[in-house]
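Worksheet for the structure shown next.
The model shown is predicted, which means the values in this text are computed figures rather than measured ones.
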Amino acid sequence: MKWPEVELGEAVVFGPKTKLQKGQPYAFVGMQDINPIDNFVYSYSDEIFDGQGGAKFSNGQILFARITPCLENRKIAQVKLGEGGTGFGSTEFFVFDEKEEVSDINYLLYLLKTDYVINHAIGSMVGASGRQRADWQYFKNIKIPLPPLHLQRQIAAVLGRYDSLLENYQVQIATLQALAHEVYREWFVRGRGLGVIVGVEKELPVGWRKGKLREVLDFYIGGGWGQDEPDDAHTVGGHVVRGTDIPNLKKGQVNLDVYRYHKASNMASRELRAGDIVFEVSGGSTDQGLGRNVLITDEALAKFGDKVMPASFCKLIRADQVKISPYYLQQLLDHLLETQEMAQFEVQSTGISNFQFEDFIDYQPVIIPAMEAMNRFDKLVGPMYKKIGILSTQMATLRATRDALLPRLLSGQLAVEALETAEI
């Protein structure tokens with residue numbers, strides 16, 4: 001059945017009114033808080049509202065990035081703030097709500113994330129190159145399918161079953177990540193997991209010693225960027241891992257969109273393999289320091305399905321596995337980032353931050369445990385990393401299935417009744 005079509009502006013409330021009290025704390029959602037592969041905002045900060053401009057929203061409403069490249073990157077998500085929750089955010093968001101007796105907010109979420117809607121929004125962009133924004137006055141006139149309200153809710157419920165499973169897997173992954181880091185802190189920071197007390201005046205266990213970070217690295221090298229198209233010099237294709245990809249990659253989610261061509265020599269020295277760490281050394285922002293890092297696993301490499309290297313703003317770091325394990329090194333780097341011990345090595349220049357990596361590895365003290373302790377640690381946390389990879393693979397399958405159903409359900413090509421009782 002083909003659904004009737006209406007103009008987008010007739011089906012939504014654009015810029016719904018939300019009252020905020022000046023001087024009070026509210027949820028703040030920045031552009032960086034929206035993950036393109038998620039339908040919901042999972043992280044935000046609490047900030048004082050001082051009357052500034054920008055998006056204002058209530059629980060359940062939809063944030064839609066209007067500026068390039070965030071719109072092309074599909075930064076569109078529904079806010080979940082709890083019953084009665086309100087917040088504010090970036091000036092670069094459109095805010096949408098359902099229209100009473102006309103549309104369902106959950107149906108609108110799936111509709112607004114379709115290629116059809118996003119491509120029309122991109123086509124409406126105006127402004128200077130690099131700072132173009134979608135124009136609502138044009139964008140609101142596109143035709144969208146709008147089934148009866150009860151069918152909108154049924155469609156959203158079917159697709160929402162996939163999102164519920166995805167949320168469950170997200171929680172499991174976050175739990176595994178937290179558990180692995182807690183094991184590291186308990187064993188090697190607090191010194192309790194192995195029955196060892198670590199303190200200023202305490203000796204290390206037999207076989208343990210203190211050293212510097214440099215001596216536990218087998219190899220490190222800056223990343224590369226290559227170019228868009230191959231030529232006589234750039235003959236080897238491969239994916240590139242950027243700093244912005246690190247948070248998702250830590251959850252086992254790979255970005256296949258950045259594929260470039262490199263010199264054979266550059267790829268040969270920079271190709272990532274299991275156990276390598278990608279470490280961000282340039283870029284950053286006022287609320288995101290440098291030093292984000294991710295351990296490359298067999299599961300991640302299998303998902304890339306081709307050669308992959310770190311981007312030019314990152315480094316490849318390889319542990320000397322005679323001395324420490326990659327799991328230990330990655331957890332150490334996370335600990336130093338979490339405690340802001342890395343911040344002293346950041347230098348601001350020309351509008352971006354740069355990380356003084358050579359100074360960092362020369363100065364940073366590390367405890368080098370005996371291999372028996374290292375092996376016990378690996379046996380405990382290694383399966384956690386593997387489980388994260390397995391869960392992320394299952395999540396990719398769920399997303400692919402949901403996204404394949406989406407256009408067919410929205411267009412009426414697939415009857416929602418046929419899926420309401422089907423098992424996922």
Side-chain angles (χ1 to χ4, degrees), residues 31-32 34-38 65 68-75 130 217-285 288-319 326 329-330 333-334 337 350-355 357 385 388-389 392-393 395-396 399-400:
M31 196 64 72
Q32 72 279 0
I34 293 188
N35 188 332
I37 67 174
D38 293 328
T68 188
C70 301
L71 175 54
E72 292 91 333
N73 290 340
R74 298 170 177 267
K75 286 183 171 274
L217 302 184
D218 179 56
F219 175 75
Y220 61 91
I221 191 171
W225 189 238
Q227 58 185 41
D228 287 335
E229 300 293 335
D231 60 20
D232 290 344
H234 300 80
T235 58
V236 181
H239 299 285
V240 178
V241 176
R242 305 164 301 173
T244 54
D245 299 320
I246 287 175
N248 279 342
L249 192 50
K250 286 177 86 79
K251 303 173 188 176
Q253 300 160 3
V254 304
N255 179 9
L256 300 179
D257 294 336
V258 187
Y259 190 90
R260 300 177 67 80
Y261 293 87
H262 313 272
K263 293 180 178 179
S265 58
N266 285 350
M267 179 59 80
S269 58
R270 293 166 173 82
E271 184 177 359
L272 293 168
R273 62 195 194 199
D276 287 346
I277 292 172
V278 176
F279 183 93
E280 186 179 34
V281 293
S282 291
S285 65
Q288 176 58 66
L290 296 173
R292 292 187 295 184
N293 64 90
V294 61
L295 179 70
I296 302 300
T297 63
D298 286 317
E299 290 78 16
L301 292 176
K303 289 172 193 167
F304 278 114
D306 202 341
K307 296 178 183 296
V308 57
M309 70 157 63
S312 51
F313 277 18
C314 297
K315 281 189 182 293
L316 180 162
I317 301 175
R318 192 167 290 155
L329 177 58
Q330 195 274 311
L333 295 173
D334 267 359
L337 180 63
T350 63
I352 65 171
S353 294
N354 292 293
F355 193 84
F357 187 78
Y385 280 80
I388 289 171
S392 67
T393 299
M395 290 176 71
R399 287 194 185 96

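- Using a 4.0 Å cut-off between charged side-chain N and carboxylate O, D276 and K315 make no salt bridge.
- Residues S282 and N354 have side chains in contact (heavy-atom distance under 4.5 Å, counting atoms from C-beta outward).
- A centroid separation of 6.0 Å or more is found between the aromatic rings of Y220 and F279.
- We find the CD1-CE distance between I388 and M395 to be 11.5 Å, quoted to the nearest 0.5 Å.
- Taking CG of D334 as the start and CG of L329 as the end, the distance is 10.0 Å to the nearest 0.5 Å.
- Between the side chain of R399 and the backbone N or O of I37, at least one donor-acceptor pair lies under 3.5 Å.
- Atom CG of N35 and atom NZ of K251 lie 5.5 Å apart (nearest 0.5 Å).
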Quiz prompt | H262 vs E271, side chain to side chain contact (heavy atoms under 4.5 Å, CB included): CA-CA, chis, key distance, verdict | solution = CA-CA 11 Å; H262 313 272; E271 184 177 359; over 6 Å; no
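- Side chain of D306 to main chain of F304: no donor-acceptor pair is present (N/O by atom type, distance under 3.5 Å, no hydrogens or angles).
- The shortest heavy-atom contact between A65 and L71 is O-CD1, 3.4 Å.
- The minimum heavy-atom distance linking G389 with S392 is given by the pair O-OG, 2.8 Å.
- Between V240 and V308 the shortest heavy-atom distance is N-CG2, 4.5 Å.
- No donor-acceptor pair closer than 3.5 Å links the side chain of K250 to the backbone N or O of R292.
- The backbone N or O of P36 sits nowhere less than 3.5 Å from a side-chain atom of R74 that would complete a donor-acceptor pair.
- Side-chain atoms of K307 never come within 3.5 Å of backbone atoms of G237 as a donor-acceptor pair (strictly under, hydrogens ignored).
- Considering all non-hydrogen atoms of both residues, V236 and A264 come closest at CG2-CA, 3.7 Å.
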Practice problem: Show the numbers, then the answer: is there a side chain to side chain contact (heavy atoms under 4.5 Å, CB included) between R260 and W225? | Solution: CA-CA 7 Å; R260 300 177 67 80; W225 189 238; 3.1 Å; yes
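- With hydrogens and angles ignored, the 3.5 Å screen pairs no side-chain donor or acceptor of D245 with any backbone N or O of V241.
- Atom CD1 of I296 and atom CZ of R273 lie 12.5 Å apart (nearest 0.5 Å).
- No donor-acceptor pair under 3.5 Å is formed between the side chain of H234 and the backbone N or O of Q227.
- No donor-acceptor pair closer than 3.5 Å links the side chain of R270 to the backbone N or O of L316.
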Quiz prompt | Audit row: V254, L249, side chain to side chain contact (heavy atoms under 4.5 Å, CB included) steps and yes/no | solution = CA-CA 5 Å; V254 304; L249 192 50; 3.7 Å; yes
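- The two residues N266 and S269 have their closest heavy-atom pair at O-OG, 3.2 Å.
- Across C314 and E280, no two heavy atoms sit closer than the pair SG-CA, 4.0 Å.
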Quiz item: So N255 and N248, side chain to side chain contact (heavy atoms under 4.5 Å, CB included) or not? Walk me through it.
Solution: CA-CA 8 Å; N255 179 9; N248 279 342; over 6 Å; no
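- Note on ring orientation: taking the six-membered ring where Trp is involved, the planes of F357 and F355 are tilted (angle from 30° to 60°).
- Looking at K75, its side chain does come within 3.5 Å of a backbone N or O of I34 through a donor-acceptor pair.
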